[in-house]
> 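Supplied in structure tokens, the structure appears directly below.
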2 protein chains.
Amino acid sequence: MTYCVGLRLRDGLVFMADTRTNAGIDNISVFQKLHTWAIEGERVVTVMTSGNLATTQAVISLLDERMKAPSERSPGLLEAPSMFQVARMVGETLREVIAENKAGGQEAQNRFNATLIVGGQIRGSQPRLFMVYPEGNFVEAGDDTPFFQIGETKYGRPIIVRAYRPDMSFEEAARLLLVSFDSTIKANLSVGPPIDLQVYEKDSFHVGVVRRFEANDPLLAEISKSWGEALSLALESLPLPALSDEVLEAG
Amino acid sequence: MTYCVGLRLRDGLVFMADTRTNAGIDNISVFQKLHTWAIEGERVVTVMTSGNLATTQAVISLLDERMKAPSERSPGLLEAPSMFQVARMVGETLREVIAENKAGGQEAQNRFNATLIVGGQIRGSQPRLFMVYPEGNFVEAGDDTPFFQIGETKYGRPIIVRAYRPDMSFEEAARLLLVSFDSTIKANLSVGPPIDLQVYEKDSFHVGVVRRFEANDPLLAEISKSWGEALSLALESLPLPALSDEVLEAG
């Protein structure tokens, strides 16, 4: 499994992805799931991947190759006129890879599927964030749905739903996502560090902060520990249901 | 879907279940999923159900009927000599119902499946808590795994993993579970109030506190609101990742 989140903030975009892949529980590896391409001063495009690793690696490799070989039929991500066209291109590449594997090889139903998050900005328009489905179609984040999660999304969702604000600073957003990842990692073996972070600052047209949190990163440990303590305090601040009389009655 | 949790505490057992069932999103109903039988002063048995509603209702009805008709081949829950035998009886009834539907009707693979939580105490032994699988077999909670969840379990799991303590009071446990339910309800439409709570106090051999929290219960609203605020404060107490220099650099 995998866990990736893309957040749309007033000041830009924040991406976070784990790096664990597993084919069964005895075949666990580290693969990067966060990929960024940029033309400094003109565009930055980030893609995060979840799903079948062969599929997502093929998609990333194809996107990469087509950028470098402009003679290819389809223009590369770095030539697309808009983020909408970038998302379309990524969706088409994804559909193409899935269809190829289905046609050529063994019957495998949905097993080659993958879902992607695509975000970035091209000079002349706003930053945009998309979620691309295995069928190649996609949806865009807006004010009402300002973030996308892919992979093992449930454990880490409640805290984002509660604490996300569009005017968060990048640091606050990174902290929120680290907490969301910590909750997921604590509950599910298929998501694990290192955790990759990328921050894109609106109108910078520059790759911005790229940071990898290794398993032994002191900040990860600190956040995990402090969060446990802070949650206990938070719980204690809530009202207790009144059960005592009835329980005494039962004694 | 459904969300039910059974907690094993030093002082007894706490059960909580939602009441929403849905067959598609336009067919939502309220059904009780928490059922208790008791012989005052001798035994208390609680069963919570998730999965196919026809299956779980048939299981509960069969268990009920067999208790009242002692001439039936299999002795009822109220005659079983131990909680282990109670869990076996529940498991057999569940397997029987699933098998009947499979054999008689249309092909439906796993669609008649259900998973149950069974807990209680019989005079002469300790309180025990089990999770019963569709195959009829079951596992028991112990010191290392002191709680079971069934249904839509992921959203509400991180807070229980973090905050559960075996020496919690019943009030603290009920509050923890209400928070876990609130996180789930906020994230997933298939889980909803009213929420049923039952507390069994060790060695009381008495049904104890039974309480239903309706959707408009002021405590539910208060816990939901306070939890949102407390979480934000908890987040703010954590260290921020240092990104600012790099972000400035990017500007």
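First the proteins, then the strands, lettered A, B, ... as listed; each starts at 1. This is a predicted model, so every value here is computed, not measured.
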> Is it the backbone or the side chain of B:L176 that comes under 4.5 Å from a heavy atom of chain A, or both, or neither?
both
> For B:K154 and A:Y155, work out which heavy atoms get closest and say how close.
O-CD2, 3.1 Å
> Do other residues, nucleotides or ligands put more than 12 heavy atoms under 6.0 Å from A:D167 CG?
yes
> Is the CG atom of B:L189 crowded by more than 12 outside heavy atoms at less than 6.0 Å?
no
> Mind checking whether A:R175 and B:E236 have side chains closer than 4.5 Å, heavy atoms only?
yes
> If you compare all heavy atoms of A:R211 against all heavy atoms of B:A242, which two are closest, and at what distance to 0.1 Å?
NH1-O, 3.7 Å
> Do other residues, nucleotides or ligands put more than 12 heavy atoms under 6.0 Å from A:I28 CD1?
yes
> Specify the closest pair of heavy atoms between B:S224 and A:R162, including all atoms of both residues, with the distance to one decimal.
O-NH1, 3.1 Å
> For B:S226 versus A:L238, what's the shortest heavy-atom pair and its separation?
CB-CD2, 3.2 Å
> Could you check whether any side-chain heavy atom of A:L243 comes within less than 4.5 Å of a side-chain heavy atom of B:L197, counting everything from C-beta outward?
yes
> Minimum heavy-atom separation for A:L178 to B:P241, with atom names?
CD1-CG, 4.2 Å
> Work out which heavy atom in B:W227 is nearest to a heavy atom in A:L231; give both atom names and the distance.
CH2-CD2, 3.6 Å
> Does any heavy atom of chain A fall under 4.5 Å from the side chain of B:E152, the backbone, both, or neither of them?
side chain
> Would you mind checking which part of A:L233 comes under 4.5 Å of any heavy atom in chain B, side chain (CB onward), backbone (N, CA, C, O), both or neither?
neither
> What option among A:D182, A:T153, A:V161, A:N188 has the most heavy-atom pairs under 4.5 Å with chain B?
A:D182
> Most heavy-atom pairs under 4.5 angstrom with chain B, which of A:K186, A:R165, A:E229?
A:K186
